[in-house]
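A short worksheet on the structure shown next.
Start at 1 and go down the list; that is how both ligands and their atoms are numbered. In what follows, every heavy atom counts, from backbone to side chain, and hydrogens, waters and symmetry copies are set aside. Residue indices begin at 1 and follow the sequence shown.
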Amino acid sequence: MKLYIGNKNYSSWSMRPWVLLRQTGIPFEEVKVLFDSFAPESNFKQTMRKVSARGQVPVLMDNDLAITDTLAIAEYLAENFPEKNLWPADKIARAKARMACAEMHSGFTALRSNCMMNIEANLPHIGQIVMRDKPAVVADVARLEDLLGGLLRNYVHTHPDGVLFGSFSIADAYFAPMVMRFKTYGLPASENVTAYMNRLCAMPGVAAWIADAKAENEFRDFEEPYRLTR
Ligand SMILES: N[C@@H](CCC(=O)N[C@@H](CS)C(=O)NCC(=O)O)C(=O)O
């Protein structure tokens, strides 16, 4: 299988399936298509449109099947590798994990658009301004605390990994880019949620992505609303 991804520093959607594959030891080949721009004539768009008409990353290629959209990729992997328990085994936990991923997929738009993923950057001063001026971001941060805090209270004691549903699942991969945003922008979280974020960052699959992102050195102005120079 091949996974097409964008810049590791910026591409939050790419991070999710990559972390899922790497953390669970499913073999795959990474194909990185660096962002130049998202204009139709850009190298990124021209390259990705040849892979799938949608022209976005991530794309999972399994032989000649191109799967687009992170949730569809995660479901495909869960079906093909049942022994990896990518979703929690318990039906109720699985329903909650799916709810959390679906909410992540379609929600948290204010947080996502005002605090774009930028792993290499350290922007706590921007986080403070955003939290002062953007009530929708404040609401997203509160909702995330509520969601993660609630799951951690219910499940964390069931496994020493201390992740969302006891052992690493699609839900943890789904929230990893959000954790990156909390770190870059110094967003507030409770002690319990902060400890989870730190545990997640230390997991080998997540740590490997972070290390690659920090070493990448491929910066793009259109992904950098807050930095004029580096
Ligand atoms: N819902 C899609 C979102 C994918 C997405 O927005 N990818 C971004 C990179 S993180 C992209 O390819 N942007 C280029 C564009 O929209 O033209 C998914 O879950 O995979």
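Not one N or O of Ser12 is nearer than 3.5 Å to an N or O of ligand 1, by distance alone. When only interatomic distances are considered, the shortest N/O to N/O separation between Gln56 and ligand 1 falls below 3.5 Å. An N or O contact shorter than 3.5 Å is missing between Ser11 and ligand 1 by distance. Checked against a 3.5 angstrom limit, the closest N/O atoms of Pro58 and ligand 1 fall outside it.
With no hydrogens or angles considered, a side-chain donor-acceptor pair links Trp87 and Glu75 at under 3.5 Å.
The side-chain heavy atoms of Tyr174 and Thr70, taken from C-beta on, include a pair separated by under 4.5 Å. Residues Lys2 and Leu60 form no side-chain contact, since every pair of their non-hydrogen atoms from C-beta on lies 4.5 Å or further apart.
A cation-pi arrangement is absent between Arg16 and Trp18, since the terminal nitrogen or guanidinium carbon is not both under 6.0 Å from the aromatic centre and inside a 45° cone about the axis. Cation-pi geometry between Arg22 and Trp209 is not satisfied (NZ or CZ under 6.0 Å from the ring centre, within 45° of the ring normal).
Put simply, no part of Gly6 is less than 4.0 Å from ligand 1, judged by heavy atoms. Contact between Met48 and ligand 1 is absent, with no heavy atom of the residue lying under 4.0 Å from the ligand.
Closest to atom 20 (O) of ligand 1, if we only count protein heavy atoms, is Thr70 OG1, 2.9 Å. Of the protein's non-hydrogen atoms, the one nearest atom 12 (O) of ligand 1 is Val57 N, 3.0 Å. When only non-hydrogen protein atoms are considered, atom 17 (O) of ligand 1 lies nearest to Lys45 NZ, 2.5 Å. Atom 1 (N) of ligand 1 has Asp69 OD2, 3.4 Å as its closest protein atom, hydrogens excluded (heavy atom only).
With a 4.0 Å cut-off on non-hydrogen atoms, Phe44 touches ligand 1 through its side chain and not its backbone.
Side chain of Asn9 to backbone of Glu120: a donor-acceptor contact under 3.5 angstrom is found.
The aromatic rings of Phe222 and Phe38 stand perpendicular to each other, their planes meeting at an angle above 60°, with 30° marking the opposite boundary.
For ligand 1, the atoms sitting less than 4.0 Å from at least one non-hydrogen atom of Arg54 are 1 (N), 2 (C), numbered in the order shown with element in parentheses. Near His105, meaning under 4.0 Å from any of its heavy atoms, are these atoms of ligand 1: 1 (N), 19 (O).
Salt bridge present: Lys8 and Glu30 bring a charged side-chain N and a carboxylate O closer than 4.0 Å. A salt bridge links Glu216 to Lys32: at least one charged side-chain nitrogen sits closer than 4.0 Å to a carboxylate oxygen.
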